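Here's the structure, in structure tokens; my notes come after.
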Amino acid sequence: AASSPRLALAAPVPTLPEIVWAFAAGRCGDERWGAVSGEAFAAANVSAHAREGRRYWVSTGGEAHGFRCDTLAGLRAFVARYDSPLLQGIDFDIERDQTAAQIDDLVRHAAALAVERPALRFMFTLATHAASDGSGANLNATGEQVMTALRRHRFDTAIVNLMVMNYGPGGAANCVPLAAAAGCDMARSARQALANFQARHGWPTARIALTPMLGENDVANNVFTPDDAAALLTLAREAGLFRVFAWSLDRDAPCPAGEPRVSPRCHGLPGVAAGQFFQRTR
């Protein structure tokens with residue numbers, strides 16, 4: 001599960017053994033978590049998760065911000081700030097504000113650090129389409145730049161995390177449309193996104209993760225339900241995927257009156273009680 005940006009979890013979450021912290025932005029070594037410095041964020045979370053025995057990932061970038069590491073020393077220092085025996089890996093969510101050269105630097109330095117730290121995982125989170133019209137449309141230009149850099153630096157142990165969300169209008173050019181309504185069939189579209197990605201890039205399934213957005217997506221008529229969550233877990237087990245993550249921990253709850261249609265604090269689905277998504281994916 002991915003947690004929305006805040007200084008620390010407000011209460012224990014004992015049913016979730018692993019959490020992704022999102023997002024660190026800026027330059028590694030001088031990164032910030034929203035208005036919070038890297039030092040303050042690490043101090044509030046590393047020891048707390050260690051006490052609870054909960055594994056965690058550190059995620060960078062995201063939809064709103066970029067993240068860059070110009071040197072291997074900078075990436076080493078970044079990882080050291082959040083390091084503990086429970087740190088599982090570093091995620092680079094690459095969606096904006098990064099040039100091809102900066103993406104190449106991230107991949108190159110991560111590949112070098114992966115040799116030094118073979119137990120630490122490095123993941124690259126990329127936006128996807130899930131075209132079902134035969135075109136195979138999947139990654140955007142930024143995602144293709146990441147895949148080019150992964151091949152250039154022979155980083156074949158990297159994990160590619162496909163964001164199976166926000167495909168666009170519910171037509172076959174973007175996703176697998178629902179049979180009886182406008183919009184995308186989110187479970188079938190996730191399967192299609194995976195198939196399109198493998199057809200183009202041949203990445204092994206054991207190095208692929210999927211991340212849906214719970215409930216109402218930013219794109220109207222892209223609605224991920226608890227049934228979709230259960231189907232996605234079945235797909236992950238059948239295909240031998242690395243992980244299914246979710247955006248986000250806070251969204252596994254109904255929206256209070258007056259909340260916007262899409263909120264980082266709730267899923268926007270009438271009649272779906274708190275905790276239903278994660279109960280369906282145990």
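Please read these numbers as outputs of a predicted model, since none were measured by experiment. Computation of the quantities below employed the complete heavy-atom set of this structure, encompassing side-chain atoms and omitting hydrogens, waters and symmetry-equivalent molecules.
- In terms of heavy atoms, Phe224 sits closest to Leu269 at O-CD1, 3.7 Å.
- In terms of modelled atom types and a separation under 3.5 Å, the side chain of Asn217 and the main chain of Val219 share no donor-acceptor contact.
- Using modelled atom types, one side-chain atom of Thr205 and one backbone atom of Ala239 make a donor-acceptor pair closer than 3.5 Å.
- Between Leu139 and Phe197 the shortest heavy-atom distance is CD1-CE1, 3.8 Å.
- Here the closest non-hydrogen pair linking Asn196 and Ala137 is ND2-O, 3.3 Å.
- More than 12 heavy-atom neighbours from other residues, nucleotides or ligands sit within 6.0 angstrom of NE2 on His109.
- With hydrogens and angles ignored, the 3.5 Å screen pairs a side-chain donor or acceptor of Asn222 with a backbone N or O of Gly168.
- Taking 4.5 Å as the limit, every side-chain heavy atom of Cys266 sits out of range of all side-chain heavy atoms of Arg251.
- Around atom CZ of Arg154, no more than 12 heavy atoms belonging to other residues, nucleotides or ligands sit under 6.0 Å away.
- Partner of Trp57 under the side chain to side chain contact (heavy atoms under 4.5 Å, CB included) criterion, chosen from Val20, Leu87, Ile90: Val20.
- Side-chain atoms of Met147 and Phe124, non-hydrogen and from C-beta on, never get closer than 4.5 Å to each other.
- With contacts defined as side-chain heavy-atom distances shorter than 4.5 Å, the pair Val58/Phe41 does not qualify.
- One N or O on the side chain of Asn174 and one on the backbone of Pro169 form a donor-acceptor pair closer than 3.5 Å.
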Apply side chain to side chain donor-acceptor pair (under 3.5 Å) to Thr125 and Asp93, showing your working.
CA-CA 4 Å; Thr125 294; Asp93 186 320; 4.8 Å; no
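- For the pair Asp228 (side chain) and Thr225 (backbone), a donor-acceptor distance under 3.5 Å is present.
- Aromatic pair His65/Phe23: ring centres not closer than 6.0 Å.
- Residues Gln145 and Ile94 fail the side-chain proximity criterion, which asks for heavy atoms closer than 4.5 Å.
- Contact of the His267 side chain with the Gln276 side chain is not registered, since no non-hydrogen atoms from C-beta on lie closer than 4.5 Å.
- Side-chain atoms of Arg261 come within 3.5 Å of backbone atoms of Asp218 as a donor-acceptor pair (strictly under, hydrogens ignored).
- The list of salt bridge (charged side-chain N to carboxylate O under 4.0 Å, His left out) pairs with a residue in residues 109-132, not counting sequence neighbours, reads Arg76-Glu116, Asp83-Arg117.
- Proximity of Trp203 to Leu150: side-chain heavy atoms (C-beta onward) are separated by under 4.5 Å at one or more points.
- Looking at Asn138 and His129, their side chains never come closer than 4.5 Å, going by heavy atoms from C-beta outward.
- Rounding to the nearest 0.5 angstrom, the gap separating the CG atom in Leu162 from the CG atom in Leu241 is 9.0 Å.
- Nearest heavy atom pair, residue Glu31 against residue Phe67, reads CB-CE1, 4.2 Å.
- Within the 3.5 Å criterion, the main-chain N or O of Pro256 finds no donor-acceptor partner in the side chain of Glu259.
- Side-chain contact check for Ile103 versus Phe92: every heavy-atom pair is 4.5 Å or farther apart.
- A perpendicular orientation is assigned to the rings of His49 and Tyr56, their planes being inclined by more than 60° (bins at 30° and 60°).
- Looking at Arg32, its side chain never comes within 3.5 Å of a backbone N or O of Ala25 through a donor-acceptor pair.
- Considering all non-hydrogen atoms of both residues, Pro177 and Ser132 come closest at CD-OG, 3.7 Å.
- By the neighbour-count criterion of 12 heavy atoms within 6.0 Å, atom CG of Asp30 is sparsely surrounded, having that number or fewer from other residues, nucleotides or ligands.
- The shortest heavy-atom contact between Asp97 and Ala64 is OD2-O, 4.2 Å.
- The CE atom of Met186 sits 13.5 Å away from atom CG of Asp227, with the distance rounded to the nearest 0.5 Å.
- In this structure, the separation between CG on Leu106 and SG on Cys28 is 7.5 Å, given to the nearest 0.5 Å.
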